[in-house]
Protein chains: 2
Amino acid sequence: MAATLADVAARAGVSTATVSRVLNGNYPVSAVTRERVHRALGELDYVVNGPARALAAATTEVIGVIVNDVSDPFFSIQASGTQWEAASADLLAVICNTAGSPSDELKYISMLLRQRVRGVVLTGGSREEPEHLRAITKLIGQALSAGTKVVMCGRPAPPDVDVPCVAFDNEGGARALTRHVLTMGHKRIAYVAGPAGNSTTTARLAGHGKALEEGEVETSVVVHGDFSRASGFDAAMELADSGVTAIIAGNDLMALGVIAALRQRGIRVPQDISVAGFDDLPAAVDVVPALTTVRLPLDQGARRAGRIASGVEVVTGPTKLWMPAELMVRESVAPPRRQTQ
Amino acid sequence: MAATLADVAARAGVSTATVSRVLNGNYPVSAVTRERVHRALGELDYVVNGPARALAAATTEVIGVIVNDVSDPFFSIQASGTQWEAASADLLAVICNTAGSPSDELKYISMLLRQRVRGVVLTGGSREEPEHLRAITKLIGQALSAGTKVVMCGRPAPPDVDVPCVAFDNEGGARALTRHVLTMGHKRIAYVAGPAGNSTTTARLAGHGKALEEGEVETSVVVHGDFSRASGFDAAMELADSGVTAIIAGNDLMALGVIAALRQRGIRVPQDISVAGFDDLPAAVDVVPALTTVRLPLDQGARRAGRIASGVEVVTGPTKLWMPAELMVRESVAPPRRQTQ
DNA sequence: ACGCTGATAGTAAGCGCTTTCTACGACAGG
DNA sequence: CCTGTCGTAGAAAGCGCTTACTATCAGCGT
């Protein structure tokens, strides 16, 4: 149906090699010939056959991005940044939603490898069980030995795997945030963490823990959600009467849920209970009270990852690219009322 | 580097044809042979070469999705739905951000066509200028004649183009919303529309206009934003002192901006000015006051589009699939104060 | 004049897979 | 026993491109 190089060549009265050359501009072709080829190209509405080119040239113009869920702003911001960088390298980006499922993650990586993508960006990350880690390590090994770039974005590389790694300072951010809450005078604090085992959860929890150790704390409780708004809501319903004066959520989505739950219970934020989040999603400024949270340069990090996966930027060795976290002090955290003491 | 079919065949002591057959399971192979091939496959860590297969089979396992910006929830929700459906058809989804630029849109469609994707979902949509329309019509024609499915999602097909079209009832939703505002007693109303020329803007504006005609209105003013929060903010700054009692925004993002601006000006929502949005983004319930808006079944529509583009669902003729809008009455619209009369 | 060089263009050998067509036993029917 | 069938497997011809390698033809130095 579609015109092929041979059709164009015939029409222009040249060989396919010549057409290929004017298409790729990697070999001198005389001006008149080039002109003739261009005309034929236009007249036939020629469209390069990507798979054929990929087969012959042994390289594609595609990279892959693996996220938990593009409809979650945390990931969509990253996906967008990566896609953007891919586009400026003239590459397409295929985006895969794992919904946090390790098996889906493996399935998608295999599919991408099968497509011989130029590079893969792995974001998010699921429970890091040994078995999964082993499987993913093997896939990464295959990818690497096939020349496919692999970049971790916001998650650690599996042990003994040498891939560049865009690391957001979750621990530092969480520590600064909890320290801020402590500084405000809170002594009874609840932390609504993300799913256990998740590397992001772990890092944030660690930062939180360090800050707690450094401060004076009466009560500290940790419960686990799953990073969804609903899980934050549920957690807050439990926590509402526990006597804590501050609830720190593992991400903004859960913080939003926490605020909604507290409001529903008639508890004022921050007068009765302070709430903090993490990520600084766009919505953080629209909530009332505006959310005190931690900003991660997700877009920047993802772009960096995208540039590496696209081959625009070359890094060597087991490079860890640290992206700093920034505390965003707004209104949802205030000093506790001196209560019942 | 990577093992090929021939390597596997050699190792299993069979022909490549046989290996191909056990891989695809589309031809009888005896149990013992199959077993031997499977072993060889495993031992060599064989990974199918997608481009080669695509070339030989003249079909890929990929669809494309074109959006304005995946980091905008309006689009990320759609992208996610489409991707999900693609995945359940074992296809990958490449996602392209046009940032609303017609030329980028054309560029991406060409790139997708070059990749010989199975189908393309076009969402969003930019200014629909004749020239662009013509170009896009041509590309769609090429796609169609190459057997690539094309589906419009939330935007009209160009004139004389026969493609299935998932249509959200923007006009009906806008009409219901404005009617609701009028019912509450507002007579001086401002509408912050999306970018002029955009088909979604036009439809919503039309619905708004019809409702206005049906009601009693003293003042009505329309200004244009660009669907971004910032543009809503700016518009509201202008409108704050205009004496309107209600501001209807063309989407939730702008409504959020409007609310923020009004708050900054010390104007209470909804006591002083009511605000309404459109889309029912997740954040709509977290704002204070909760946003009265219109819900569009974006996810459902996008999934439908994804299924069509994947070839799972077959529609024939110039089918228009209407997706209903639903008015979400919350707290940001209230009766106007009887003022200064 | 003659071989050389440099600039262009053509030839053809793949890239790794799918698939049609053919080949080969084994087995049953006449 | 011969032939027609059925069930498997192999041979080989592409799919549409890229890219050595080769060929051609000016122009040039000697």
Side-chain angles (χ1 to χ4, degrees), chain A residues 1-38 40-41 44-62 111 113-118 142 146-148, chain B residues 1-38 40-41 44-62 111 113-118 142 146-148:
Chain A
M1 197 82 230
T4 69
L5 255 204
D7 298 332
V8 176
R11 175 150 199 142
V14 299
S15 70
T16 60
T18 302
V19 180
S20 172
R21 284 163 187 151
V22 343
L23 243 24
N24 296 299
N26 52 5
Y27 199 86
V29 172
S30 74
V32 288
T33 311
R34 202 180 322 127
E35 182 42 41
R36 244 179 335 145
V37 170
H38 272 134
L41 247 15
L44 294 176
D45 281 335
Y46 177 74
V47 178
V48 177
N49 182 311
R53 171 179 283 181
L55 175 59
T59 174
T60 58
E61 316 206 296
V62 182
M111 289 177 79
L113 256 35
R114 174 162 39 255
Q115 294 300 322
R116 299 296 194 264
V117 296
R118 287 258 191 104
Q142 274 183 247
T148 299
Chain B
M1 196 83 230
T4 70
L5 256 204
D7 297 333
V8 176
R11 175 149 200 144
V14 300
S15 71
T16 61
T18 301
V19 180
S20 172
R21 284 164 188 152
V22 343
L23 242 26
N24 296 299
N26 52 5
Y27 197 85
V29 172
S30 74
V32 290
T33 311
R34 201 178 325 125
E35 181 42 42
R36 239 170 348 135
V37 170
H38 272 134
L41 246 16
L44 295 176
D45 280 334
Y46 177 72
V47 178
V48 177
N49 183 311
R53 171 179 282 182
L55 175 59
T59 174
T60 58
E61 318 207 297
V62 181
M111 289 177 80
L113 257 36
R114 174 163 37 257
Q115 293 301 321
R116 299 294 195 264
V117 297
R118 288 256 193 108
Q142 274 183 245
T148 300

For A:R11 and A:R36, run side-chain contact (heavy atoms from CB on, under 4.5 Å): C-alpha distance rounded to whole Å, both residues' side-chain angles, the deciding distance at 0.1 Å, then the answer.
-> CA-CA 9 Å; A:R11 175 150 199 142; A:R36 244 179 335 145; over 6 Å; no
When you get a sec, tell me which of D:dC17, D:dA9, C:dT19 is the closest nucleotide to the side chain of B:N26?
-> C:dT19
Among C:dA9, C:dC17, D:dA9, which nucleotide sits nearest the side chain of B:Y46?
-> C:dC17
Close N or O pairs between protein and nucleotides 20-24 of chain D (under 3.5 Å):
unit_1: D:dA20; atom_1: N6; unit_2: A:R21; atom_2: NH2; d: 2.9

For DNA chain D, the residues among residues 48-58 of chain B that have a non-hydrogen atom under 4.0 Å from it = B:L55, B:A56
Kindly say if [X] contacts the phosphate of [N], meaning a side-chain N or O under 4.0 Å from OP1 or OP2.
| X | N | value |
| --- | --- | --- |
| B:N24 | C:dT18 | yes |
| B:T16 | D:dG10 | no |
| B:S15 | D:dG10 | yes |
| B:T33 | D:dA9 | yes |
| B:T18 | D:dA9 | no |

Audit row: B:V19, B:L41, side-chain contact (heavy atoms from CB on, under 4.5 Å) steps and yes/no = CA-CA 9 Å; B:V19 180; B:L41 246 16; 4.3 Å; yes
Which atom names give the shortest non-hydrogen contact between A:A54 and B:P51, and what distance separates them?
-> CB-CB, 3.7 Å
Within this structure, what is the [atom1]-to-[atom2] distance between [X] and [N], rounded to whole angstrom?
| X | N | atom1 | atom2 | value |
| --- | --- | --- | --- | --- |
| A:E61 | D:dC17 | CD | C1' | 12 Å |
| B:L5 | D:dG10 | CG | P | 13 Å |
| B:R114 | D:dC17 | CZ | P | 12 Å |
| B:L23 | C:dC17 | CG | C1' | 10 Å |

Test A:L23 against A:L5 for side-chain contact (heavy atoms from CB on, under 4.5 Å), laying out the working first.
-> CA-CA 10 Å; A:L23 243 24; A:L5 255 204; 3.8 Å; yes
[X] vs [Y] side-chain heavy atoms within contact, under 4.5 Å:
| X | Y | value |
| --- | --- | --- |
| A:E61 | B:R114 | yes |
| A:T4 | A:N49 | no |
| B:E35 | B:V22 | no |

Nucleotide N/O to protein N/O under 3.5 Å, stretch nucleotides 5-7 of chain D:
none

Can A:T148 and A:R116 be counted as having a side-chain donor-acceptor contact under 3.5 angstrom?
-> no
Side-chain donor-acceptor pair present, B:R118, B:T59, cut-off under 3.5 Å = yes
May I ask you to say what A:S20 touches in the nucleic acid, namely base, sugar-phosphate or nothing, with a heavy-atom cut-off under 4.0 Å?
-> base
Which value, rounded to the nearest 0.5 Å, describes the distance between B:L55 atom CG and B:T60 atom OG1?
-> 12.0 Å
OG1-OH distance between B:T18 and B:Y27, expressed to the nearest 0.5 angstrom = 9.5 Å
For the pair A:Q115 and A:V62, evaluate side-chain contact (heavy atoms from CB on, under 4.5 Å) and give the outcome as yes or no after the intermediate values.
-> CA-CA 9 Å; A:Q115 294 300 322; A:V62 182; over 6 Å; no
